Trainee: 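Have a look at the structure that comes next, please.
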Amino acid sequence: MKNNWSNISRTVLLLCLSLTVFIKMAIAENGYELWLRYKKIDDPVLLAKYQKEISCIYINTTSPTMQVVKEELQSGLSGLLGKRINNTVYLKNGCVIAATSAQSEIASRLVSHDELIQAGTEGYIIKTVSYQGKKLVLITGNSEHGILYGSFHFLRLLQTNQSINDLDIISAPKTKLRMLNHWDNLDRHVERGYAGISLWNWHTLPDYIDQRYIDYARANASIGINGTVLTNVNANATVLTPEYLIKVKALADIFRPYGIKVFLTARFSAPIEIGGLKTADLLNEDVQSWWNNKAKEIYSYIPDFGGFLVKANSEGQPGPQDYKRTHADGANMLADAVAPYKGIVIWRAFVYTAENPVDRHKQAFDDFVSLDGKFKNNVLVQVKNGAIDFMPREPFHPMFGAMPKTPLMMEFQVTQEYLGQGTHLVFLAPLFKEVLESDTYAKGKGSTVAKVIDGSLEGHDISGIAGVSNIGNDINWCGHPFAQANWFALGRLAWDHDISSEQIADEWLRMTYSNDKELVNTCKQIMLRSREILVDYMNPLGLHHIMGTGHHYGPAPWVSYLNRPEWNPVYYHKADSIGIGFDRTATGSNALAQYFPGARKQWEDLNTCDEKFLLWFHHVPWDHKMKSGRTLWDELCFRYYSGADSVLWMKKMWQSLKSKIDEQRFKEVNMLLNIQYKDAKWWRNACLLYFQTFSNKPIPDNYDPPDQSLDYYKSLRFRFAPGN
Ligand code: BDP
């Protein structure tokens, strides 16, 4: 009998165990659904309330975009409310009605002319309305794409557990072009990609349409992104051949209902490489007509093709300067080719040359500012957020505000080339916001970079924000589960740069994980502090460009052997026995002179310079007294150590959430935080040991000394690091 009982209890125990495993597996999430998970609302009171408020969808237009709106609302609301929400032909109480004012009498009656003006071409209105005694939610606007954005906003309200009782929302994007730049090669290698290979499977296109293309479009539309550059700025002309244009057309056809236009990178020497011409000089008539014909051909495949993005005369890429023409000449030639079709040219300002001995910080400004007013009106100049290259922290690029006649577009980097790549948890909204909120003083106080970018400072019609994508074919799209938040942040800020980082983190967490208070608050703290923490363990006090050569992973401040001076970290930190930092004041390169006086003032005096940028602008003696009372050397030690320690704090915070997160994502982030902590200590130890050879000062006793020698850190090699 006893044996029988123990057999039974063992069986029950086994059953229970397998059930637990099954449940855990069932709820394990791989991140594929991004922030569009549409899981049933788990607060029963709120769920009941929503279920009472929403009963159906009422959409009776069948255009491709409205079809997409219908499907998204149907699946989103059905998932969130835990019951099937159908489209109805009879208007009922609790219906969500989505239509433009031209498509629906109800919409045209219930929104004012004023509201429609505020919504503009891409914006939307979400309103609780009464019509024939029925309470309805109306999502409307001037365009179907506006309604698509409005529908995603409405779903977001439920996903983040907001009240939908008395809605009165009008929203319009602040910038017109909200884009992703993919640095994807045709062989599917992604330059600076840390999330697998390219999403674009050129080999199977145009016949095979991966579900991913559709989900990519949905995710972008949900955050208002309306343009995508499919190919790398280090361009391959082959994408402009008919063989590839059919494939590009297939993608453009998929993206169109979602309001996303396709752009390609144009290689300046394409007329030679695929056109059989002897030159790519724009003054040669055959060259201009080759581009004109090429544009005509592209538009025959893709009538709403967005235009070209061009990297020219930079890092070995061909360009107009090869023929002694200017960047404006080059941009205008392409602009003429796409102008008949309302296309645009986005010309990058990321240029510097090895032959130019001038501080790299100054070179783009020197090349471009004198060209202000010379670009055709369908050209935007795309400027990186800072003058060097997507560093963990840079002062804003001095070109912002300095070219009033030219629409300048912002280029952020979402992929974390210099910020821990695929393994560090770093939320980039605070970095993006810091730049956008910086004051250029171009037209006096309050001339923020955001106002330059959105066109409001000078009244430009076109404007834009682009982010270098962090998307690949990894199951969770971005590699690190938290890297998705940076894609999300780019879209949200491109739509409205006034949204706070906190709000973006809050929304993303609720949509991606859950509305659990403790989870949201804990993760929000981690996210909001993460960028500052990374700056501390990598590049404190304005240090920059001291990473490993080529792959850019990990520290290598000692590198000094590269052919081009400005590729060597020693060029940037200039450490010597006296001190450390790049003197960019009047006694040094005077890059500071490129800023307007109001901006310059905050940095030009060593004693009052914002310490975030101290070593960016000054060569500072090791004994310099910092605001904390410590010497510069001690402050450097303090920053590096507290940065690394803070990663430990991030780890602990994350671990406290174990019971609140599905196993798969919990484990993934946990393992990645372990790597991040290891890397943070590596950065700290390698940098301090190296700089110590100049400062000749001890690392204060209260810190654990580095556990390896400088030679050890110097000997590390990463030959197959990704993204290189
Ligand atoms: C640098 C990247 C390089 C890019 C270049 C660019 O290391 O891969 O080609 O920027 O933006 O940050 O053109």
Side-chain angles (χ1 to χ4, degrees), residues 63-65 67-68 145 177 179-191 193 196-221 225-277 280 287 289-311 334 337-346 469 471-473:
S63 68
T65 298
Q67 191 58 32
V68 161
H145 292 143
L177 286 162
M179 305 184 74
L180 285 179
N181 290 182
H182 290 268
W183 285 358
D184 293 17
N185 294 331
L186 299 182
D187 64 3
R188 299 189 77 184
H189 176 263
V190 181
E191 184 156 338
I197 57 172
S198 170
L199 275 189
W200 324 130
N201 190 340
W202 297 107
H203 186 64
T204 55
L205 276 166
D207 305 310
Y208 185 87
I209 301 303
D210 193 326
Q211 177 62 30
R212 284 233 174 194
Y213 304 149
I214 298 159
D215 290 330
Y216 166 86
R218 288 176 52 234
N220 278 328
I225 285 175
N226 65 358
T228 179
V229 184
L230 300 177
T231 46
N232 192 354
V233 285
N234 296 318
N236 185 333
T238 309
V239 76
L240 303 177
T241 59
E243 187 193 342
Y244 276 83
L245 289 176
I246 317 174
K247 299 168 192 276
V248 175
K249 171 187 162 35
L251 291 174
D253 289 344
I254 296 161
F255 299 160
R256 188 168 299 112
Y258 296 88
I260 299 164
K261 280 193 182 178
V262 160
F263 293 70
L264 292 173
T265 45
R267 187 161 160 87
F268 199 79
S269 52
I272 303 174
E273 286 150 12
I274 57 166
L277 300 185
V287 171
S289 61
W290 187 86
W291 280 111
N292 293 350
N293 289 333
K294 187 46 78 182
K296 191 170 171 197
E297 185 188 356
I298 297 174
Y299 280 93
S300 73
Y301 289 98
I302 309 155
D304 56 353
F305 178 64
F308 295 125
L309 170 68
V310 189
K311 170 175 178 176
L334 292 174
V338 294
Y341 318 95
K342 298 199 167 46
I344 58 165
V345 169
I346 303 171
S469 150
I471 302 163
N473 77 337

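Keep in mind that what you see is a predicted model, and the values were worked out from it rather than measured. For reference, positions follow the sequence shown, starting with 1.
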Trainee: Between atom NE2 of H145 and atom CG of N226, what is the distance when rounded to the nearest 0.5 Å?
Mentor: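 Rounded to the nearest 0.5 Å, the NE2-CG separation comes out at 9.5 Å.
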Trainee: Counting only N and O atoms by type, is there a donor-acceptor contact under 3.5 Å from the side chain of R267 to the main-chain atoms of N236?
Mentor: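 Such a contact is absent between R267 side chain and N236 backbone.
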Trainee: Report yes if some heavy atom in the side chain of P242 is under 4.5 Å from a heavy atom in the side chain of E297; otherwise report no.
Mentor: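 Yes; the side chains approach each other to less than 4.5 Å.
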Trainee: Roughly how far, to the nearest 0.5 Å, is the NZ atom of K247 from the OG1 atom of T204?
Mentor: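 Rounded to the nearest 0.5 Å, the OG1-NZ separation comes to 7.5 Å.
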Trainee: Taking all non-hydrogen atoms of both residues into account, name the closest pair between A252 and I302 and its distance.
Mentor: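 Taking every non-hydrogen atom into account, CB-CG2, 3.7 Å.
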Trainee: List the atom of L230, the atom of W200, and the distance in Å for their closest heavy-atom pair.
Mentor: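 Minimum heavy-atom contact is O-NE1, 3.2 Å.
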Trainee: Check T228 against M179 and note the closest heavy-atom contact, atom names and distance.
Mentor: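 Shortest heavy-atom separation between T228 and M179 comes out as N-CE, 4.3 Å.
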Trainee: On a heavy-atom basis, which atom in A295 and which in A337 lie closest, and how many Å separate them?
Mentor: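 Heavy-atom minimum between the residues: CB-O, 3.3 Å.
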Trainee: Evaluate side-chain contact (heavy atoms from CB on, under 4.5 Å) for D304 paired with R256, printing each intermediate quantity in order.
Mentor: CA-CA 9 Å; D304 56 353; R256 188 168 299 112; 2.8 Å; yes
Trainee: I'd like to check I298 versus F308 (side-chain heavy atoms, cut-off strictly below 4.5 Å). Are they in contact?
Mentor: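 They are in side-chain contact.
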Trainee: Can you tell me how far apart CZ (F305) and OH (Y341) are? Round to the nearest 0.5 Å.
Mentor: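 F305 CZ to Y341 OH: 12.0 Å, rounded to 0.5 Å.
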Trainee: Roughly how far apart are D184 CG and S469 OG, rounded to 0.5 Å?
Mentor: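 Answer for the CG-OG pair, D184 versus S469, is 6.5 Å.
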Trainee: Kindly indicate, with the supporting measurements, whether the criterion salt bridge (charged side-chain N to carboxylate O under 4.0 Å, His left out) is fulfilled by R212 and D215.
Mentor: CA-CA 5 Å; R212 284 233 174 194; D215 290 330; over 6 Å; no
Trainee: Testing the basics here: between G196 and N473, what is the closest heavy-atom pair and its distance to 0.1 Å?
Mentor: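 Looking at all heavy atoms of both residues, the closest pair is CA-OD1, 3.5 Å.
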Trainee: Taking the side chain as every heavy atom from C-beta outward, state whether Y258 and N220 have any pair of such atoms under 4.5 Å apart.
Mentor: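 They are not in side-chain contact.
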Trainee: Quick one: are the ring centres of Y216 and F255 less than 6.0 Å apart?
Mentor: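 Y216 vs F255: aromatic centres under 6.0 Å.
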Trainee: If you measure from CD1 on I225 to CG on L177, what distance do you get to the nearest 0.5 Å?
Mentor: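 These two atoms lie 12.0 Å from each other.
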Trainee: Taking side chain as C-beta onward, heavy atoms only, is I209 less than 4.5 Å from I254?
Mentor: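 With C-beta onward as the side chain, the pair touches.
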Trainee: Below 4.5 Å, heavy atoms only, C-beta onward: do N181 and F263 meet side chain to side chain?
Mentor: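 No, side chains not in contact.
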Trainee: Considering all heavy atoms of both residues, which atom of G275 and which atom of W290 are nearest to each other, and what is their separation?
Mentor: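 Here G275 and W290 meet closest at CA-NE1, 3.4 Å.
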Trainee: Decide yes or no for T265 and N232: does some side-chain heavy atom of the first lie under 4.5 Å from some side-chain heavy atom of the second?
Mentor: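 SC-SC contact between T265 and N232 ruled out.
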Trainee: Between the side chain of T231 and the main-chain N/O of L264, is any donor-acceptor distance below 3.5 Å?
Mentor: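 No: the side chain of T231 does not pair with the backbone of L264.
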Trainee: With side chains defined as the heavy atoms from C-beta onward, is the minimum distance between L205 and L251 less than 4.5 Å?
Mentor: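 Answer yes - side chains close enough.
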Trainee: Can you confirm whether R188 sits close enough to N201 that some side-chain heavy atom of one is under 4.5 Å from a side-chain heavy atom of the other?
Mentor: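 A side-chain contact exists here, since the closest heavy-atom pair is under 4.5 Å.
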Trainee: At what distance, to the nearest 0.5 angstrom, does NZ of K294 lie from OG1 of T241?
Mentor: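 The NZ atom of K294 sits 6.5 Å away from the OG1 atom of T241.
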